[in-house]
2 protein chains.
Amino acid sequence: MSDTAAEGPLPSAGGHRGETPTLKTIARMTGLAVATVSRALADAPDLRADTKALVRKVADELGYVPNRAGLRLRTGRTQVIALAMSPEHDMMNNTARLISSLAGTLRETPYHLNVSYFFPGEDLLKPIRHIVETGLADAVIFNQTLPDDPRVAWLMERRFPFATHGRTRWADRHAWADFDNLAFGAIAVRRLARAGRRRIAVIAPPLDQNYAQDIVAGATLAAAEAGVEVRILPQLTSDAASAVVQERMAQVLPEGVDGVICASTNSAMATVAALESLGLRLGREIDLVAKEAIPFLSLFRREIIAIREDVGRAGAVLARAAMRAIREPGAPPLQDLETPQDDDQ
Amino acid sequence: MSDTAAEGPLPSAGGHRGETPTLKTIARMTGLAVATVSRALADAPDLRADTKALVRKVADELGYVPNRAGLRLRTGRTQVIALAMSPEHDMMNNTARLISSLAGTLRETPYHLNVSYFFPGEDLLKPIRHIVETGLADAVIFNQTLPDDPRVAWLMERRFPFATHGRTRWADRHAWADFDNLAFGAIAVRRLARAGRRRIAVIAPPLDQNYAQDIVAGATLAAAEAGVEVRILPQLTSDAASAVVQERMAQVLPEGVDGVICASTNSAMATVAALESLGLRLGREIDLVAKEAIPFLSLFRREIIAIREDVGRAGAVLARAAMRAIREPGAPPLQDLETPQDDDQ
DNA sequence: CTCGTTTCCTATAACGATTTAGGAGTAGAA
DNA sequence: TTCTACTCCTAAATCGTTATAGGAAACGAG
């Protein structure tokens with residue numbers, strides 16, 4: 001009775017006035033049964049309109065919010081969307097942007113955002129399987145898709161709602177948001193060609209990644225058209241230390257490389273460091289095109305040709321795509337391709 | 001019966017073999033009552049040791065994991081730790097690092113990480129209050145503390161578990177992880193003084209932030225000792241556009257400023273851009289000390305004097321601090337101060 | 001043999017929600 | 001009047017868990 005206790009169910013405690021309202025509270029206040037209240041809020045067709053109106057009014061006044069545990073226990077729906085990210089690659093800003101726009105989009109919905117990470121070297125499927133099998137979320141979002149992504153295959157087979165940041169070879173059949181890396185690769189090459197560069201090196205992310213393949217494909221195509229040469233330098237680890245980049249660049253420079261394409265702020269910075277310590281000047285002996293999520297690189301070297309990727313847009317799309325996959329499993333999946341503009345000026 | 005249905009409770013469905021095991025499953029298999037199984041797993045003192053061993057064995061074999069909804073409904077514990085972040089300031093890398101180390105630390109525990117954001121201009125208390133009042137989490141973690149932080153006061157009064165990234169004036173009474181910005185300010189000034197700089201400008205974050213005040217205090221103290229001068233340039237918005245910084249710098253340079261201190265990668269980059277467009281060279285006419293979470297700045301301008309802050313460490317501490325606040329409300333709060341080293345070489 | 005004690009387990013009731021089956025009224029038809 | 005049909009609501013069961021109160025069996029003491 002005093003303030004010692006605190007055993008048993010804590011959350012609503014019920015009894016004292018002013019506690020968190022539940023269906024039971026509304027039932028008491030309206031004189032209806034709990035079941036009726038529940039059905040009224042669900043807008044059941046066999047209730048009188050004025051009954052439903054009354055219930056809704058009281059619910060609003062009390063600020064009733066359905067208890068998540070009760071709902072989840074009964075229906076199996078968690079109202080959670082899980083984000084399973086890799087901490088690798090471009091920790092810089094993409095990650096934070098993506099998370100914040102996901103959270104921002106979900107904020108006026110009943111969904112919560114749960115963040116977990118899968119770690120390098122670990123089975124890609126493991127965290128996803130865990131989420132699905134223990135019913136931890138209603139949908140999953142993940143990034144760093146592979147062309148033949150096992151997660152996508154597994155989730156499609158099970159018809160579990162999901163959305164990916166990046167496409168796969170089943171892109172027509174699932175929800176995704178992606179940046180048009182093919183276009184990026186092509187634009188990058190064309191910009192360099194227009195600047196008079198003829199031998200272009202692409203510092204590519206690991207080539208098993210879908211987007212890396214797109215960049216390479218786009219660059220290769222455009223190079224053929226523009227009549228310039230392209231060399232692919234796959235980036236073995238994702239942490240592109242500048243020493244590694246420097247070594248690679250030292251190898252290819254004697255071959256006459258005069259343009260470089262980078263896929264991220266990170267690798268662009270490492271590359272600039274490498275180039276400068278090899279005595280090259282941007283805009284003079286060599287040019288650099290890079291993709292970045294935050295207008296950053298041009299702050300540093302205004303000579304860098306930067307192409308923007310709006311990760312915030314991807315986050316907003318992914319959040320809506322996940323909700324749609326949950327609520328309308330049959331509907332065509334939401335998809336969004338962000339295409340960069342070749343707005344040379 | 002066929003695959004049409006899917007009404008009613010989804011998660012365990014129970015019936016077909018191989019479904020998610022619950023206490024009931026274990027009870028059936030051992031011939032014990034559900035309550036006994038529950039108590040056995042909780043290691044109740046009035047059960048025979050071999051009974052408990054049996055239950056645990058069967059539970060392990062089945063891979064039993066307590067159902068979160070059931071647990072939450074009954075006990076009120078959510079097994080969720082909520083992170084309420086500001087998307088402002090140093091979106092760069094701090095945020096992503098913090099989230100990933102929180103998630104990484106929580107990963108082998110029963111706790112899940114829920115991410116929500118509070119937005120600029122919004123009442124700081126609002127999201128926190130929402131989390132607490134609707135029982136969305138067992139603990140809250142947030143950043144960007146103010147010296148007199150209303151969230152901290154509110155949570156302490158209610159004895160709700162929390163941990164902060166950054167201290168407050170009640171720092172001795174709650175859990176926190178922080179970087180020693182006082183030491184950073186002092187070290188920064190000493191490094192500049194040792195380099196022969198006499199008039200130092202501090203590009204400070206908004207001065208209502210606790211850490212901004214610490215940096216200023218540390219710089220001021222050390223300046224007095226070293227016999228150099230310090231000027232504070234408070235950064236009005238957090239997005240320190242380089243144009244703004246440039247304007248400020250243009251004002252103070254004629255006064256003989258020859259050293260600059262920046263609190264983040266962001267502002268350091270803006271500052272460098274500003275300085276260079278004003279015709280100054282780092283390491284020549286002027287020196288710059290900056291704090292950063294990722295070894296980044298020295299990649300770009302090796303002349304920048306960079307001091308590292310390990311946000312990953314803060315994340316790990318905050319996760320453990322939150323769990324401790326939940327599990328041992330009486331125990332002294334976990335606190336961690338990361339002190340930068342003045343390792344000039 | 002009977003009565004307390006101790007040991008070890010179980011039945012029941014909740015937590016808050018939804019779903020199913022059914023029940024009390026009222027109205028209309030024969 | 002009596003039966004049927006419809007409208008609108010409710011009782012009960014259930015999801016998985018834990019706390020409380022109590023009960024069966026075994027044992028020792030008188």
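The chains referred to below are lettered A, B, ... by the order of the sequence lines, with proteins before strands, and numbering in each begins at 1. Treat the numbers as computed from the prediction; the structure is a model and nothing was measured.
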Exercise for review: Applying side chain to side chain contact (heavy atoms under 4.5 Å, CB included), run through A:His174 and A:Thr164 and close with a yes or a no.
Suggested key: CA-CA 8 Å; A:His174 69 261; A:Thr164 62; 3.4 Å; yes
Exercise for review: Report the C-alpha distance between A:Val80 and A:Tyr111 in whole Å, list the side-chain angles of each, state the deciding distance to 0.1 Å, and finish with yes or no for side chain to side chain contact (heavy atoms under 4.5 Å, CB included).
Suggested key: CA-CA 5 Å; A:Val80 165; A:Tyr111 290 96; over 6 Å; no
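Applying the 4.0 Å criterion to OP1 and OP2 of C:dT10, one finds that B:Thr36 has a side-chain N or O inside that range. Taking only side-chain nitrogens and oxygens, A:Thr75 never comes nearer than 4.0 Å to OP1 or OP2 of C:dA17. The phosphate of D:dT17 has neither OP1 nor OP2 within less than 4.0 Å of any side-chain N or O from B:Lys24. Close to C:dT19, at under 4.0 Å from its OP1 or OP2, lies no side-chain N or O of A:Ser38.
In this structure, B:Gln79 contributes its side chain and B:His112 its backbone to no donor-acceptor pair below 3.5 Å. Judged by distance alone, with hydrogens and angles left aside, the side-chain atoms of B:Asp138 form a donor-acceptor pair with the main-chain N or O of B:Thr78 at under 3.5 Å. Of the possible polar contacts, one joining the B:Thr134 side chain to the B:His130 backbone as a donor-acceptor pair under 3.5 Å is found. Checking side-chain atoms of B:Trp154 against main-chain N and O of B:Leu125 turns up no donor-acceptor pair under 3.5 Å.
Take the nearest nucleotide of DNA chain C for B:Arg48 and for A:Ala35: the residue whose nucleotide is more 5' is B:Arg48. Nearer the 5' end of DNA chain D, as judged by each residue's closest nucleotide, is the contact made by B:Leu23, out of B:Arg39 and B:Leu23. Each of B:Gly70 and B:Ala33 was matched to the nucleotide of DNA chain C holding its nearest heavy atom; the match closer to the 5' end belongs to B:Ala33.
Atom pair A:Arg77:CZ and D:dT14:C1' shows a separation of 16 Å (rounding to whole Å applied). For the pair A:Ile26 CD1 and C:dG16 C1', the computed distance is 12 Å after rounding to whole Å. Taking atom CG of residue A:Leu41 and atom P of nucleotide D:dC9, one finds them 14 Å apart after rounding to whole Å. Put simply, CZ on A:Arg74 is 16 Å from C1' on D:dT17, counting in whole angstrom units. If you take CG of A:Leu73 and C1' of D:dG16, they are 5 Å apart, rounded to a whole angstrom. In this structure, CG of A:Leu54 is placed 14 Å from C1' of D:dC8, rounded to the nearest angstrom. As rounded to whole Å, 13 Å separates atom P of D:dG16 from atom CZ of A:Arg72. Rounding to whole angstrom units, CG of residue A:Asn67 and P of D:dT17 are separated by 17 Å.
For D:dC9, its base sits under 3.5 Å from the side chain of A:Asp46 at one donor and acceptor pair at least.
Using a 3.5 Å distance cut-off with no hydrogens or angles, the side chains of B:Thr168 and B:Asp149 do not pair a donor with an acceptor.
Residue-environment remark: CZ (A:Arg158) exceeds the threshold of 12 foreign heavy atoms within 6.0 Å. For B:Met156, the CE atom is densely surrounded, since the number of other residues' heavy atoms within 6.0 Å is greater than 12.
Each end of the helix from C:dC1-D:dG30 to C:dA30-D:dT1 yields a helix axis from five base pairs, and these two axes differ in direction by 80° (to the nearest 10 degrees).
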Practice item. For each nucleotide in nucleotides 23-28 of chain D, reading 5' to 3', give B when a protein heavy atom comes within less than 4.0 Å of its base, S when such contact involves only the sugar-phosphate, and - otherwise. Key: ------
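Checked against A:Met323 for a side chain to side chain contact (heavy atoms under 4.5 Å, CB included), the options A:Leu318, A:Leu334, A:Ile81 give a single hit: A:Ile81.
Backbone-only engagement by B:Gly31 is indicated by non-hydrogen atom pairs under 4.0 Å involving sugar-phosphate atoms exclusively.
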